[in-house]
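A quick write-up on the structure given underneath.
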Amino acid sequence: MVSHPIVGALHGGLLSALGTAIVSGEYQAGQVITLDGLSAQHGVSRSVVREAVRVLESMGMAESRRRVGITIQPASKWNVFDPIVIRWRLESGDKAAQLLSLSELRRGFEPAAAALAARRADPHQCRIMAAAVSDMVVHGRSGDLDAYLLADKIFHQTMLEASGNEMFRALNGVVAEVLTGRTHHGMMPDIPNPAAIALHDEVARAIRLRDEAAAERAMRAIIDEAASAVTEEFSPPGQPEA
């Protein structure tokens, strides 16, 4: 993942404003903007604008050329794996399409990671996953969605780390943004689905018992349940789910 050396509120605020403007379509692909124009519009120095633009360039969202300006890049060039890009798209783009796309991505790697974790997880990692599931049960019953989210993120992060595969581990930011996006954009029920919690417990148990097939199957079911919930949330009234 790209590291973003955001220094100070001005830089971070401008970066977020520009990124949101790009993903929302306020700035169209091919549009040219300038340092001076952005500096005047946002009331910040050229150096602050320059640093924000450098981060956007690292994300593939903008291209800066001398005597040309800053050219907004098409979505096909964006680093769509970047957690911050994911966050902006969930905040300003087509939430349903983005979440379903991410669900398809997760279906491609998390079940495989769960199977590897069943082969490689150490006892400490197994305890962390079991504790995370217990926390999900407690916070799910109480309806504390923020605490539930934290436990859910710990579970998936630990599972990816337990896979022992550095590529899977590097995708933790993607999964974390998906889970966060569902909660922060009102796409989680007030009381989390007990069936989803039970599936997390199945994954944790299968990993502890070294049952690769069961771990993979239960993790796929977790992702399918989440995708179905998103589809149901965004299906027009009276229309069948896709």
Side-chain angles (χ1 to χ4, degrees), residues 83 86-87 89-91 94-115 117-118 121 125-160 162-163 168 171-209 211 213-242:
I86 292 172
R87 188 181 312 162
R89 295 181 79 185
L90 288 175
E91 290 173 350
D94 186 337
K95 296 179 181 63
Q98 173 71 349
L99 282 170
L100 291 175
S101 175
L102 289 165
S103 293
E104 291 172 351
L105 171 66
R106 290 180 65 194
R107 194 177 289 116
F109 72 87
E110 278 202 278
Q125 290 167 328
C126 289
R127 285 192 294 271
I128 292 176
M129 284 183 281
V133 172
S134 295
D135 287 344
M136 290 171 71
V137 171
V138 171
H139 300 308
R141 287 173 179 166
S142 69
D144 187 341
L145 294 184
D146 287 333
Y148 180 92
L149 170 63
L150 177 60
D152 199 7
K153 287 164 69 173
I154 289 172
F155 178 92
H156 288 272
Q157 177 181 353
T158 305
M159 187 274 295
L160 291 173
S163 75
F168 289 158
L171 290 168
N172 174 60
V174 172
V175 176
E177 285 299 330
V178 175
L179 300 176
T180 300
R182 283 191 66 196
T183 298
H184 289 177
H185 294 289
M187 289 173 275
M188 278 287 288
D190 293 337
I191 301 298
N193 186 355
I197 300 175
L199 286 170
H200 283 75
D201 188 45
E202 284 186 34
V203 172
R205 186 186 311 111
I207 289 174
R208 184 174 67 253
L209 296 176
D211 188 336
E216 182 174 355
R217 183 170 57 250
M219 180 55 68
R220 182 171 290 107
I222 287 174
I223 298 165
D224 289 344
E225 185 278 332
S228 295
V230 171
T231 301
E232 182 176 354
E233 173 72 21
F234 287 95
S235 292
Q239 295 295 317
E241 294 179 17

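Hydrogens, waters and symmetry mates play no part in the numbers below; they use all other heavy atoms, side chains included. Predicted model only: the values in this text are computed from it and were never measured.
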Nearest 0.5 Å please: distance from the [atom1] atom of [X] over to the [atom2] atom of [Y].
X	Y	atom1	atom2	answer
Leu199	Glu225	CG	CD	7.5 Å
Ile154	Leu179	CD1	CG	11.5 Å
Arg182	Leu90	CZ	CG	11.5 Å
Glu110	Arg107	CD	CZ	11.0 Å
Leu149	Met136	CG	CE	9.5 Å
Gln98	Ser103	CD	OG	10.0 Å

Looking at every heavy atom in both [X] and [Y], which two are closest together, and how far apart are they?
X	Y	result
Gln125	Ala121	OE1-CA, 3.5 Å
Asp190	Leu145	O-CD2, 3.8 Å
Ala113	Ser163	O-CB, 3.5 Å
His156	Val175	CB-CG1, 3.9 Å
Val133	Ala204	CG2-CB, 4.3 Å
Val174	Pro83	N-CG, 4.4 Å

Does some side-chain heavy atom of Asp135 sit less than 4.5 Å from a side-chain heavy atom of Phe155?
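No - every pair of side-chain heavy atoms lies 4.5 Å or more apart.
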Hey, does Met129 have a side-chain heavy atom less than 4.5 Å from the side chain of Arg208?
no
Residues in side chain to side chain contact (heavy atoms under 4.5 Å, CB included) contact with Arg127, at least two apart in sequence or another chain
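Scan of Arg127 (side chain to side chain contact (heavy atoms under 4.5 Å, CB included), adjacent residues dropped) gives Pro123, His124.
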Please identify which of these residues, Ile191, Val138, Ile197, meets the side-chain contact (heavy atoms from CB on, under 4.5 Å) condition with Tyr148.
Ile197
By the definition side-chain contact (heavy atoms from CB on, under 4.5 Å), identify the one residue from Thr183, Val178, Thr180 that meets it with Lys153.
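So, applying the side-chain contact (heavy atoms from CB on, under 4.5 Å) to Lys153 and each of Thr183, Val178, Thr180, only Thr180 qualifies.
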Just by distance, do the side chain of Ser228 and the backbone of Asp224 share a donor-acceptor pair under 3.5 Å?
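Present.
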I'd like to know if the side chain of Ser134 and the backbone of Ala130 have a donor-acceptor N/O pair within less than 3.5 Å.
yes
Hey, is Arg205 close enough to Asp211 for a salt bridge, meaning N to O under 4.0 Å?
no
Please evaluate residues Asp152 and His200 with respect to the criterion side chain to side chain contact (heavy atoms under 4.5 Å, CB included), reporting the C-alpha separation (whole Å), side-chain torsions for both, the decisive distance (0.1 Å), and the verdict.
CA-CA 9 Å; Asp152 199 7; His200 283 75; 3.1 Å; yes
Donor-acceptor side-chain pairing of Glu91 and His184 below 3.5 angstrom:
no
Going by atom type alone, with no hydrogens or angles, which donor-acceptor pairs under 3.5 Å involve a side-chain atom of residues 215-223 and a protein atom two or more places apart or on another chain?
from   : atom 1 : to     : atom 2 : distance (Å)
Glu216 : OE2    : Arg220 : NH2    : 3.4

